[in-house]
Amino acid sequence: MYLPQPMIIREITQENHLVKTFRLARADGAAITPFAVGQFVMLSVPHCGEAPISISSEPADSATLDLTIREAGKLTRAVQKMAVGETLGVRGPYGRPFPVADLLGQDLLLVAGGIGLAPLKGVLDSCLAWKGAKGLAEVKLSLCYGSRTPADICFSGAISQWQEQGVDCRLTVDEGDDEWDGHTGLVTELLRDFSYPGHGHALVCGPPVMIRATMAKLIELGWPPEMIFTTLERHMKCGVGVCGHCHLDDKLVCTDGPVFSGAELAQMTVAELAGPRDGAGGGRQ
């Protein structure tokens, strides 16, 4: 379980000046190991180490998986310099995913900060595909997304496609520029119109302070904690529950998470519920 699987970079998408999405396929041409949205892999480069990275694609394609990576440390700097055709090491997938089966057909509110949109992207794509196949036009899908500046926005192309498919996408930045005519301010300010509708789920992913503020705001707006899900970060070494580096009270984030409900978090006593990953596609960098 500690042996990385060689995977080849098939495609690279520049999301912004610091973030790229790498589409990977197995070097032997076989189908990738099945994964679920919200899970992560352990990514490695020889002589540069290993780090957990969230999967940013949805599982419909059995030939590839996407990893969205922000340049942050030694490993991610090495990956950012790689080109199509080069090989990476991948272990996994690992961790508890989002409960997508419970989300399908439900109204869904996604709240993301920065690269935290990466693990939520697969959820939204999965729900859109299911909604389209079932013809359920009445199902409401909404996204509130915050970035530092307009130049830091990730997945601009995907956001445009989601809007065309009927997703209510609301963007905000901490600091605008001369060309920005959208909202300026915290992402929590976008939640004013999203009181709990009596059904549905909210998914949150971003920097630790944003996660805490967003979950508090959602609860204030009437969202039951058990209807709110987020992904947590801890410094991981093994990814499979052996080393104990990612402990959180009596939980291990790599195996009991990384996805937790608000109700589960309410039972935890630690003050700091999230921590940085080296370039992980979970948005807490």
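Remember, it's a predicted structure, so these values are computed and weren't measured experimentally.
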K.L.:
Can a donor-acceptor pair be found, under 3.5 Å and without considering hydrogens, that links the side chain of Q39 to the backbone of G95?
P.N.:
yes
K.L.:
Using a 6.0 Å cut-off, check whether atom NE2 of H183 has over 12 heavy atoms from anything other than its own residue.
P.N.:
yes
K.L.:
Donor-acceptor pair, distance only, cut-off 3.5 Å: does the side chain of K237 make one with the backbone of V242?
P.N.:
no
K.L.:
Please examine the side chains of L43 and F22, heavy atoms only from C-beta on, and report whether any two atoms are closer than 4.5 Å.
P.N.:
no
K.L.:
Tell me if a side-chain donor or acceptor on E86 pairs with a main-chain N or O of I9 at a distance below 3.5 Å.
P.N.:
no
K.L.:
Is there a side-chain contact between T76 and R70 in this structure, where contact means two heavy atoms from C-beta onward sitting under 4.5 Å apart?
P.N.:
no
K.L.:
To the nearest 0.5 Å, tell me how far T87 OG1 sits from R26 CZ.
P.N.:
13.0 Å
K.L.:
Just wondering, do L104 and C127 contact through their side chains at under 4.5 Å, heavy atoms?
P.N.:
yes
K.L.:
Can you tell me how far apart NZ (K20) and OG1 (T13) are? Round to the nearest 0.5 Å.
P.N.:
10.5 Å
K.L.:
Any side-chain heavy atom of F260 within less than 4.5 Å of one from R96?
P.N.:
yes
K.L.:
Identify the two heavy atoms, one from V240 and one from T255, that lie closest to each other, and give their separation to 0.1 Å.
P.N.:
C-CG2, 3.6 Å
K.L.:
Same cluster or not: M42 versus I8, using hydrophobic residues (I, L, V, M, F, W, Y) connected whenever any side-chain heavy atoms lie under 4.5 Å apart?
P.N.:
no
K.L.:
Heavy-atom count check: over 12 atoms from other residues, nucleotides or ligands less than 6.0 Å from D177 CG?
P.N.:
yes
K.L.:
At what distance, to the nearest 0.5 angstrom, does CG of D152 lie from OG of S147?
P.N.:
6.5 Å
K.L.:
Taking all non-hydrogen atoms of both residues, which atom of S126 and which atom of P59 are closest, and how far apart?
P.N.:
OG-CD, 3.9 Å
K.L.:
Going hydrophobic residue to hydrophobic residue with side-chain gaps under 4.5 angstrom, can you get from V259 over to L252?
P.N.:
no
K.L.:
Looking at H17, I want to see if its NE2 is surrounded by more than 12 non-hydrogen atoms of other residues, nucleotides or ligands under 6.0 Å.
P.N.:
yes
K.L.:
Could you work out, with side chain to side chain donor-acceptor pair (under 3.5 Å) as the rule, every residue matching D168, not counting sequence neighbours?
P.N.:
R170
K.L.:
Using a 4.5 Å cut-off on heavy atoms from C-beta on, say whether the side chain of T230 contacts that of T214.
P.N.:
no
K.L.:
Let me check something: do L221 and I219 share a hydrophobic cluster, defined by ILVMFWY side-chain heavy atoms less than 4.5 Å apart, either directly or through other members?
P.N.:
yes
K.L.:
Indicate the atoms forming the closest heavy-atom contact of K121 with A158, along with that distance.
P.N.:
CE-CB, 4.1 Å
K.L.:
Can a donor-acceptor pair be found, under 3.5 Å and without considering hydrogens, that links the side chain of S142 to the backbone of L109?
P.N.:
no
K.L.:
Take atom CD of Q163 as the centre, draw a 6.0 Å sphere, and report whether it contains more than 12 heavy atoms from other residues, nucleotides or ligands.
P.N.:
yes
K.L.:
Let's go through M210 and V111 carefully: what are the C-alpha distance in whole Å and the side-chain angles of both, what is the deciding distance for side-chain contact (heavy atoms from CB on, under 4.5 Å) to 0.1 Å, and is it a yes or a no?
P.N.:
CA-CA 10 Å; M210 172 263 173; V111 188; 3.7 Å; yes
K.L.:
Does a donor on one side chain sit under 3.5 Å from an acceptor on the other, for T68 and T21?
P.N.:
yes
K.L.:
Hey, any chance L186 and L190 share a hydrophobic cluster, counting ILVMFWY side chains that come within less than 4.5 Å of each other, even indirectly?
P.N.:
no
K.L.:
Pair Y196, I228 - check side-chain contact (heavy atoms from CB on, under 4.5 Å), show working.
P.N.:
CA-CA 11 Å; Y196 183 58; I228 306 171; over 6 Å; no
K.L.:
Hydrophobic clusters here meaning ILVMFWY residues chained together by side-chain heavy-atom distances under 4.5 Å, can you tell me if V139 and L110 are in one?
P.N.:
yes
K.L.:
Donor-acceptor pair, distance only, cut-off 3.5 Å: does the side chain of D66 make one with the backbone of S56?
P.N.:
no
K.L.:
Please report the shortest heavy-atom distance between T33 and P93, naming the atom on each side.
P.N.:
CG2-CD, 3.6 Å
K.L.:
Stepwise, does the side-chain contact (heavy atoms from CB on, under 4.5 Å) test hold for M236 with Y94?
P.N.:
CA-CA 12 Å; M236 297 179 188; Y94 299 132; over 6 Å; no
K.L.:
Less than 4.5 Å apart, any side-chain heavy atom of E15 and any of I115?
P.N.:
no
K.L.:
Less than 4.5 Å apart, side chain to side chain, heavy atoms only: is that true for V37 and P97?
P.N.:
no
K.L.:
If you round to the nearest 0.5 Å, how far is CG of L265 from NZ of K251?
P.N.:
10.5 Å
K.L.:
Show, in sequence, the C-alpha distance, side-chain angles and deciding distance for I55 and L67, and conclude whether the side-chain contact (heavy atoms from CB on, under 4.5 Å) test is met.
P.N.:
CA-CA 5 Å; I55 300 171; L67 303 179; 4.2 Å; yes
K.L.:
Indicate yes or no for a side-chain donor-acceptor contact from Y145 to the backbone of G114 under 3.5 Å, with no hydrogens or angles considered.
P.N.:
yes
K.L.:
Which pair of heavy atoms, one from L18 and one from Q80, lies closest together, and at what distance?
P.N.:
O-NE2, 3.1 Å
K.L.:
Atom CG of L88 and atom CD of Q5: how far apart are they, to the nearest 0.5 Å?
P.N.:
12.0 Å
K.L.:
Side chains of L141 and W162: closer than 4.5 Å at any heavy-atom pair?
P.N.:
no
K.L.:
As an exercise, state the distance from CG of L108 to CG of L124, rounded to the nearest 0.5 Å.
P.N.:
7.0 Å
